[in-house]
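Heads up: the structure comes next, in structure tokens.
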Amino acid sequence: MNQVVIHNSDQSHSRRLQVLGATLALCAFHGFADEFFGAIATTAIVIALLFPSFLTSPKFWLPILVASIPTVALYWYTIDNHKYLLFYWVIVVSLCSLIKEDSSFLKITGESARLLMFLTMAAAVLQKTISDSYLNSEMFSYFLLTDDRFFFWSSLLSCVTQQDLIYNSELLKEAGRAVGVAQTPEFQLRGWECIQPVAHTFTWLNYLDQALLALLVAFRLFDQSIIKHAMIIIFIIGTYLIAPVYGFGWTLCIFGMCYTANQDNKIFNFYLFTLIVLCVYEVFFWRLS
Amino acid sequence: MTTNRTFKILPVTVFLLGSLVVASQIYHQAHSHLTPWKVGGMGMFASLDSPAHREVSIELQLPGRILFLKDMGQSVVKFKTIPRDNFAEQFCRDLLGRYINLSEIRYKQARLYNKPSQLERRSILNSMPFEHLTLRFYKTRVDTSTGRFAYQQASEYECKNESSRDT
């Protein structure tokens, strides 16, 4: 019996360190695009590497929280939504660093992660429902034809050619230059008919998937089920393979880790592994290409 | 092992903070043309109306001619995100303190500078006798049946130049 307690205590401590380490890495590599915050986060990583015991100290995390506040206050209009999520998470981790017991730390961060994951999915579904350009597939049709992050998938999954996509990119620039100088002319995107089946599929898959995840997380349904967490992981990998907002993918992985940290199973490790997969994908597919 | 009550309410408190931000964002979308993509509403990829698909034109009407000014500063970014009157006023103040070289005009467009120059003739905007300085804000509109798109004007703001009124 004592051996089991020690094992769980070790496991709790190890998972606490992994959650904190992943959060610190998120702050340093995908944190706020502000030099002051960047300097604080980078210094924090160096301190954590040289003095690992500092990682669990409130003296380590409270400066990171303090540095994030002016950044959010000054740049509230330009920072992306997942940076707001990062800000909420920094609040949680910084305050929870005052908790000495590892299992209590994991319990509170786990519940926070669950609620923030629910907030993210539910708010996204709400925004898509009230939008005048989402459910009619207008948004995806337009982005698949004009945003170069989607070009690989647009040409792979539809009859749209690379030439059409390049033409559309140039058309957008021309439209921007014409604003105000001339009467607002109309422009015709190429490949509109071709892209409709793909746009409709992406629209509804994304919408229904996020709605389902919001429900599963909100009501703690199938919490120990591998299938539920596999759906979340597939959402992370699938969505961010196509539209790589890496900071968001990392944040969701950390939320998943915290959500499952107090469970005595391997699901926590799947989220940790997914985080590493995202790093490898980012380095080899985007930064080196 | 017991967890302090303060920590127990932390998850709900942070959730309520996030919810308040989302609710506020949705309110400003409806009332201030705030883009769904920013300010914590989780509306990225929920709408075509992203800052990258909005445009702003700055029209300077001088006696006898009209110029369009190009500005890449933070004021434009803020105005594109949320074109409210108070941000338009801020944008105007920022513009009036910038410099323009009237001999550098191409296709009715002129660039704005942050500083005067010793090498070329640049005039500060608020010293020029312009008739109107108008900010126009455009959103992308798409015809979903054909794929034709255009920038459609959504609002307009007239900048006031107190010093030029006296000239």
Side-chain angles (χ1 to χ4, degrees), chain A residues 76-82 84-85 88 91-92 95-96 98-99 101 103-104 107-108 111-116 118-124 126-128 130-134 136-143 145 175-176 178-181 184-193 206 243 245, chain B residues 1-4 6-8 10-15 17-19 21-22 25-26 29-30 34 36-49 51-53 55-59 68 74 77-78 81-82 87 107-109 136 138 140 142-153:
Chain A
W76 61 269
Y77 56 90
T78 192
I79 55 176
D80 287 334
N81 292 324
H82 63 277
Y84 275 80
L85 218 47
Y88 305 145
I91 293 174
V92 168
L95 294 178
C96 285
L98 295 162
I99 301 173
E101 295 142 348
S103 62
S104 301
K107 185 177 167 189
I108 301 296
E111 185 61 9
S112 302
R114 183 183 75 85
L115 289 175
L116 286 174
F118 168 66
L119 174 72
T120 305
M121 300 293 174
L126 175 62
Q127 292 275 16
K128 288 170 164 79
I130 64 175
S131 166
D132 61 0
S133 59
Y134 187 82
N136 62 358
S137 304
E138 179 184 315
M139 194 280 297
F140 263 121
S141 301
Y142 192 86
F143 272 79
L145 291 176
V179 163
V181 179
T184 46
E186 283 193 345
F187 299 88
Q188 175 70 59
L189 287 171
R190 283 189 188 168
W192 189 259
E193 285 296 322
N206 193 240
V245 184
Chain B
M1 283 180 286
T2 55
T3 314
N4 191 302
T6 313
F7 293 115
K8 276 186 176 160
L10 177 62
V12 172
T13 307
V14 173
F15 173 76
L17 170 64
S19 303
V21 170
V22 169
Q25 203 270 0
I26 291 174
Q29 265 187 61
L34 173 62
W37 282 59
K38 296 284 182 182
V39 196
M42 308 302 162
M44 214 167 175
F45 291 107
S47 166
L48 178 54
D49 190 21
H53 296 98
E55 281 294 340
V56 169
S57 81
I58 310 166
E59 185 183 296
F68 292 92
Q74 280 298 308
V77 174
K78 199 184 266 187
T81 301
I82 177 165
F87 296 129
Y107 306 107
K108 292 193 197 175
Q109 295 190 29
R136 291 197 177 87
Y138 297 82
T140 302
V142 179
D143 180 338
T144 50
S145 55
T146 60
R148 293 183 73 77
F149 74 95
Y151 282 105
Q152 225 173 60
Q153 186 175 318

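Throughout, protein chains are lettered first and strands after them, A, B, ... in sequence-line order, and every chain is numbered starting at 1.
Shown here for Gly41(B) and Ala123(A), the closest heavy-atom pair between the two residues is O-CB, 3.9 Å. The two residues Phe15(B) and Leu119(A) make their nearest non-hydrogen contact at CE1-CB, 3.8 Å. Annotation for Ala46(B) and Lys128(A): closest pair CB-CG, 3.7 Å, computed over non-hydrogen atoms. Scanning both residues, Leu10(B) and Cys96(A), for their nearest heavy atoms gives CD2-SG, 3.7 Å. The minimum heavy-atom distance linking Leu48(B) with Met139(A) is given by the pair N-CG, 3.6 Å.
The parts of Phe149(B) that come within reach of chain A are both its backbone and its side chain, each placing non-hydrogen atoms under 4.5 angstrom from that chain. Only the side chain of Leu126(A) comes within contact range of chain B, with heavy atoms under 4.5 Å apart. Heavy-atom distances place no part of Gln152(B) under 4.5 Å from chain A, backbone and side chain included. Heavy atoms closer than 4.5 Å to chain B are found in both the backbone and the side chain of Tyr134(A). For Phe87(B), the part sitting under 4.5 Å from any heavy atom of chain A is the side chain, from C-beta outward, and nothing else. With a 4.5 angstrom heavy-atom cutoff, Thr78(A) touches chain B via backbone and side-chain atoms both. Residue contact with chain A, scored on non-hydrogen atoms closer than 4.5 Å, is absent for Thr13(B). With a 4.5 angstrom heavy-atom cutoff, Gln25(B) touches chain A only via side-chain atoms.
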Would Phe68(B) and Val179(A) count as a side chain to side chain contact (heavy atoms under 4.5 Å, CB included) if you check the C-alpha gap in whole Å, the side-chain angles of each, and the deciding distance to 0.1 Å? CA-CA 10 Å; Phe68(B) 292 92; Val179(A) 163; over 6 Å; no

Checking side chain to side chain contact (heavy atoms under 4.5 Å, CB included) for the pair Tyr77(A)/Leu34(B): CA distance, chi angles, key distance, verdict? CA-CA 9 Å; Tyr77(A) 56 90; Leu34(B) 173 62; over 6 Å; no

Could you walk me through whether Leu189(A) and Arg148(B) pass the side chain to side chain contact (heavy atoms under 4.5 Å, CB included) check? CA-CA 6 Å; Leu189(A) 287 171; Arg148(B) 293 183 73 77; over 6 Å; no

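Chosen from Val142(B), Val22(B), Asp49(B), the residue pairing most often with chain A at heavy-atom distances under 4.5 Å is Val142(B). By number of non-hydrogen pairs under 4.5 angstrom with chain A, the leading residue of Glu55(B), Met42(B), Arg136(B), Met44(B) is Met42(B). Residue with the most contacts toward chain B among Glu138(A), Met121(A), Glu193(A), His82(A): Glu138(A) (heavy-atom pairs, distance under 4.5 Å). For the set Pro36(B), Ser47(B), Ser19(B), the entry with the most heavy-atom pairs within less than 4.5 Å of chain A is Ser47(B).
To the nearest 0.5 angstrom, Ile82(B) atom CD1 is 5.0 Å from Trp76(A) atom CH2. The distance from the CZ atom of Phe7(B) to the CD1 atom of Ile108(A) is 8.0 Å, given to the nearest 0.5 Å.
Between the side chain of Trp192(A) and the main chain of Thr144(B), a donor-acceptor pair closer than 3.5 Å is present. The backbone N or O of Thr146(B) lies less than 3.5 Å from a partner atom in the side chain of Gln188(A), making a donor-acceptor pair.
Ile91(A) pairs by the side chain to side chain contact (heavy atoms under 4.5 Å, CB included) definition with Leu65(A), Phe87(A), Leu95(A), Val14(B), Leu17(B), not counting sequence neighbours. Annotation: ring-ring contact (aromatic ring centres under 6.0 Å, His included) contacts of His53(B) (sequence neighbours excluded): Tyr142(A), Phe143(A).
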